[in-house]
Amino acid sequence: MPELPEVEVTRRKIAPHLVGRRIVEVLTTKPSYFFVTKPAALAKALAGKRVEALTRHGKYLLAVLDDEQRLLLHLGMTGQLFTAGVTSPRLLSSTKGGALTPEAQAAGFRPDKHTHLEIRFSDEGPTLYFRDTRKFGKVELLAKAASSKRLEKLGIDALSATGADLYRAAKKRRIAIKTVLLDQGVLAGVGNIYADEGLFVTGIKPTKRADKVTAAQCDALVAALQKVMLRSIETGGSSISDYVQPDGQDGGYQNERRVYARKGEPCSVCRTTIKRTVLATRSTFYCPSCQK
DNA sequence: AGACTAACCTGAAAGC
DNA sequence: TGCTTTCAGGTTAGTC
């Protein structure tokens, strides 16, 4: 679910609770697809390490440890990072499905069956939790100086990219421009919502062949993607289905999106009905009149 | 190499 | 009410 803006909001809110603290204990659920590094190895390697920094590249978070190992985190579709004591009706009700008693509200979040990673620290501060309902997320420990196949495949971070970066990739592809935007090897961090939003702002149809998109259009597209994503970060990201910020609050960008998940609604510019189609097996929303 | 599909999971919402 | 189908902010292994 989370794209670059949601991951960046998560990074900014989690970093103060993580950086500078020493890990004492790591609890996990049983081995699964979610754990690239096996839970037992993870727990053993992390114990006693201090976290030096929390960085982001595309949709990946990287916790840098004091022994130069790095913990790679990906939120997948439903991943959430937050700290103990967080209280929010949405987060709490999602863990039990019922009405909130005052006692539950006061107690805050408790790890549930979807909480796969719990990191405890040597100080009195809160425990860090990684919860992920669908387990499409990833946890991988990268040894000192080891390269990571996942990171190496990424293109330039979408917020640092230029139109030329996109044009270089687009001009040799005979597929839909939206599919190129979703390719993490081109602009890392762009996902389904922001691809649709950026294309709408630029007036380009998602199905337009990538090699037919001009250099000037690529410039405009990258600028639009960056403007939209920076605004989303400012407002706390998009809370459309599962996403909540690490402090339990909903983001605000879902209220500003122009086309994503607005099938049947009038276009904000020309009032034409927004259409939904499927592209690269993903839902795609666009205005048939504004986007050519 | 580039282009597509199926698969990894769980749960909410829509459809009948 | 209840059973079935559809859908979901992602990535990757496998096939042509």
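The shown structure was predicted, so the numbers you read here are calculated from the model rather than taken from an experiment. Lettering of chains follows the sequences in order, A, B, ..., and the numbering in each one begins at 1.
- Between A/H114 atom NE2 and C/dA8 atom P the separation is 20 Å, expressed in whole Å.
- Every residue was checked against the salt bridge (Lys or Arg N to Asp or Glu O under 4.0 Å) condition with A/R70, not counting sequence neighbours, and none meets it.
- Looking at which nucleotide of DNA chain C each of A/R276 and A/H74 is closest to, the 5′-most match is held by A/R276.
- Here C/dT11 presents its C1' atom at 13 Å from CG of A/L72, a figure rounded to the nearest Å.
- Spacing between atom CG of A/L279 and atom P of C/dC7 amounts to 15 Å, rounded to whole angstrom units.
- Regarding contacts with the backbone of C/dT11, a side-chain N or O of A/K59 is found under 4.0 angstrom from either OP1 or OP2.
- The same atom, C1', is picked in C/dT12 and in B/dG11; the two are 23 Å apart, to the nearest Å.
- If you take CD1 of A/I240 and C1' of B/dG11, they are 18 Å apart, rounded to a whole angstrom.
- Rounded to the nearest Å, the gap between the P atom of C/dC3 and that of B/dC9 is 26 Å.
- Between the side chains of A/K178 and A/T207, no donor-acceptor pair of N or O atoms lies under 3.5 Å.
- Within 4.0 Å (heavy atoms only), A/S232 reaches no atom of the nucleic acid at all.
- For the ring pair (Phe, Tyr, Trp, His ring centres under 6.0 Å) test, residues two or more places apart in sequence or in another chain that qualify with A/H74 are A/Y60.
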Which atoms of nucleotides 14-16 of chain C (N or O only) lie under 3.5 Å from a protein N or O atom, and what are those distances?
none

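- In secondary-structure terms, DNA chain B builds stems of at least 3 consecutive Watson-Crick or G-U pairs, each pair having both distances under 3.5 Å, at B:2-8 with C:10-16, B:10-16 with C:2-8.
- Inspection of the A/K153 and A/Q184 side chains reveals no N or O donor paired with an N or O acceptor under 3.5 Å.
- A search for side chain to side chain contact (heavy atoms under 4.5 Å, CB included) contacts involving A/Q217 returns A/I204, A/K208, A/V213, A/T214, not counting sequence neighbours.
- Pairs engaging residues 266-275 of chain A under the side-chain hydrogen bond (donor to acceptor under 3.5 Å, both in side chains) rule: A/R258-A/S268 [sequence neighbours left out].
- Distance A/K138 NZ to C/dT11 C1': 7 Å, rounded to the nearest Å.
- Using a 4.0 Å heavy-atom criterion, one finds that A/Y260 contacts the sugar-phosphate atoms exclusively.
- Atom NZ in A/K263 sits roughly 12 Å away from atom P in B/dA14 (whole-Å rounding).
- Separating the NZ atom of A/K113 from the C1' atom of B/dG11 is a distance of 9 Å, rounded to the nearest angstrom.
- Partners of A/R150 according to the salt bridge (Lys or Arg N to Asp or Glu O under 4.0 Å) rule, which considers only residues two or more places apart in sequence or in another chain, are A/E140.
- Regarding A/D242, its CG atom lies at a distance of 10 Å from the C1' atom of B/dT10, rounded to whole Å.
- At the heavy-atom level, A/Y60 lies under 4.0 Å from the strands shown only through sugar-phosphate atoms.
- Spacing between B/dC8 and C/dT4 at atom C1', rounded to whole Å, works out to 22 Å.
- Here the rule is side chain to side chain contact (heavy atoms under 4.5 Å, CB included) with A/F285, and of A/R257, A/E197, A/K263, A/R262 only A/K263 fits it.
- Contacts of A/E234 classified as side chain to side chain contact (heavy atoms under 4.5 Å, CB included), with partners at least two apart in sequence or in another chain: A/R231.
- Checked against side chain to side chain contact (heavy atoms under 4.5 Å, CB included), A/T115 has the following partners two or more places apart in sequence or in another chain: A/F109, A/P111, A/D112, A/Y129, A/R131.
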Heavy-atom protein contacts under 4.0 Å, nucleotides 2-9 of chain B, coded B base, S sugar-phosphate only, - none: -SS---BB

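- Under the side chain to side chain contact (heavy atoms under 4.5 Å, CB included) criterion, A/A43 pairs with A/V26, not counting sequence neighbours.
- Taking the ring pair (Phe, Tyr, Trp, His ring centres under 6.0 Å) definition, one finds that A/F200 meets it with nothing, sequence neighbours left out.
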